[in-house]
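A quick write-up on the structure given underneath.
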Amino acid sequence: MNRPNRPPRRLCLLLALLLGILPGCGRSAAPSRSADGIRVGVALYQQNDTFIATIVSSLEAAAREREADEGLKITLNITDGRGSQATQNEQIDRFLSTGYDVICVNLVDRTAAAVIVDKAKSAGIPLIFFNREPVREDIMRWDKVYYVGAEAGKSGVMQGELVAEAYRADPEALDRSGDGVLQYVMLEGEPGHQDSLLRTEYSIKAVTSANVTTEKLANDTANWNRGQAASRMSQWIDQFGGRIEVVFANNDDMALGALDACHAAGVEPLPFVVGIDATPPACESMRAGELRGSVYNDSPGQAKAILDLSVALAKGRSPSEAVSFKEEKYIWLPYHKVTPETLDEVVPPAE
Ligand code: GAL
């Protein structure tokens with residue numbers, strides 16, 4: 001119908017957009033962003049993962065500290081993807097449509113990043129991926145996409161060095177058969193995860209480059225999980241008995257699972273078991289003399305970087321003044337070797 005006395009509809013839309021008052025369109029239309037506070041959505045791949053739970057508690061502690069220091073209200077909305085990318089996508093869509101200032105994503109499926117980046121870009125909401133690293137092309141898809149994590153290969157090297165150093169200090173304690181070769185089994189994290197692939201490869205490379213000969217008896221994935229690791233390990237105990245001298249586990253939960261299986265089967269003495277993360281239960285096991293080494297995966301450091309970057313992005317401040325970058329995109333936190341002797345010095349008490 002012709003409405004001669006009213007300005008054309010397209011002109012109204014344009015004016016409304018310019019004034020930022022059009023409901024349901026673009027970033028200006030996002031439901032109320034609080035003037036003095038910030039809202040950060042945090043989408044986890046799986047909340048009951050022990051290491052991820054330590055990142056969450058450090059993130060909450062860092063937010064409370066920042067609130068107290070700056071008088072800034074920080075709302076963290078934490079969602080659990082429960083291992084389903086479809087569930088996580090819905091959670092992220094909700095953050096996008098309800099006007100969050102920043103979204104932090106611990107991807108379920110590392111290859112699913114592109115679609116999330118494209119949606120965030122059109123909503124104008126910055127994204128921080130953490131712990132589960134998307135491919136570089138996805139990180140480079142938009143300038144407001146970042147990654148916070150730790151360089152997986154380095155944790156593998158450190159784990160291998162822990163074994164090589166212990167072997168050099170007391171060869172008979174590790175090489176119990178006395179054949180000059182370390183017989184080992186490898187418990188791997190999720191297939192396709194950058195940490196599983198690189199830790200598996202680099203741990204053994206580090207042992208062999210220290211001139212220690214190894215023989216792999218078996219390897220299998222246990223998906224970062226203590227129960228699954230215990231069941232793999234009990235099969236290997238049945239199969240290889242006391243021939244297993246060293247257990248390499250891509251993380252501490254799986255190392256603890258291997259120890260559970262040794263206890264259940266009455267294996268004595270225990271093999272030399274090493275993990276990665278230095279989580280609170282792993283530290284307890286090291287104190288009890290069971291887990292022989294781990295590599296500290298700095299969850300408080302990663303949480304602080306995520307929070308500092310989130311605040312800078314939400315407040316429109318320069319990110320490089322808040323955190324230190326590699327290539328303006330990546331924030332890497334260092335790993336540290338942990339033995340029962342260095343534990344108290346390297347690992348800060350849990351939050
Ligand atoms: C690794 C960590 C594992 C597990 C995994 C989940 O960095 O060592 O324990 O939490 O991340 O993505």
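We count ligands from 1, going down the list as the structure has it; atoms in each ligand are counted the same way.
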Check: D195 side chain, A152 main-chain N or O, donor-acceptor pair, under 3.5 Å: no
Within reach of ligand 1, part of Q302 (heavy-atom separation under 4.0 Å): neither
Minimum side-chain heavy-atom gap L44-F130 below 4.5 Å: yes
Per-atom contacts, ligand 1 versus F51 - under 4.0 Å to a heavy atom: 2 (C), 9 (O), 10 (O)
Min N/O separation N131 to ligand 1 under 3.5 Å: yes
Structural part of H193 in contact with ligand 1, heavy atom criterion under 4.0 angstrom: side chain
Contacting atoms of ligand 1, where contact means under 4.0 angstrom from a heavy atom of N297: 7 (O), 8 (O)
Any N/O pair Y45/ligand 1 closer than 3.5 Å: no
Taking atom 9 (O) of ligand 1 as the reference point, the nearest protein heavy atom with its distance: D277 OD2, 2.6 Å
Close side-chain approach of M233 and I244, heavy atoms under 4.5 Å: yes
E284/R287 ion pair, N-O < 4.0 Å: no
Whether D49 lies under 4.0 Å from ligand 1, heavy atom: yes
R132, any N or O under 3.5 Å of ligand 1 N or O: yes
Test item: K329 side-chain N/O and I139 main-chain N/O as donor-acceptor pair under 3.5 Å: yes
Min side-chain heavy-atom separation V56-V42 under 4.5 Å: no
Ligand 1 contacted by R199 (non-hydrogen, < 4.0 Å): yes
Per-atom contacts of ligand 1 with D195, taking only distances under 4.0 Å to non-hydrogen atoms: 1 (C), 7 (O), 11 (O)
Without placing hydrogens or testing angles, list every side-chain donor-acceptor pair under 3.5 Å for residues 262-272, not counting sequence neighbours.
residue, atom, partner, partner atom, Å
H263, NE2, E290, OE1, 2.9
H263, NE2, E290, OE2, 3.2

Audit row: F95, T79, side-chain contact (heavy atoms from CB on, under 4.5 Å) steps and yes/no: CA-CA 10 Å; F95 290 143; T79 58; 3.6 Å; yes
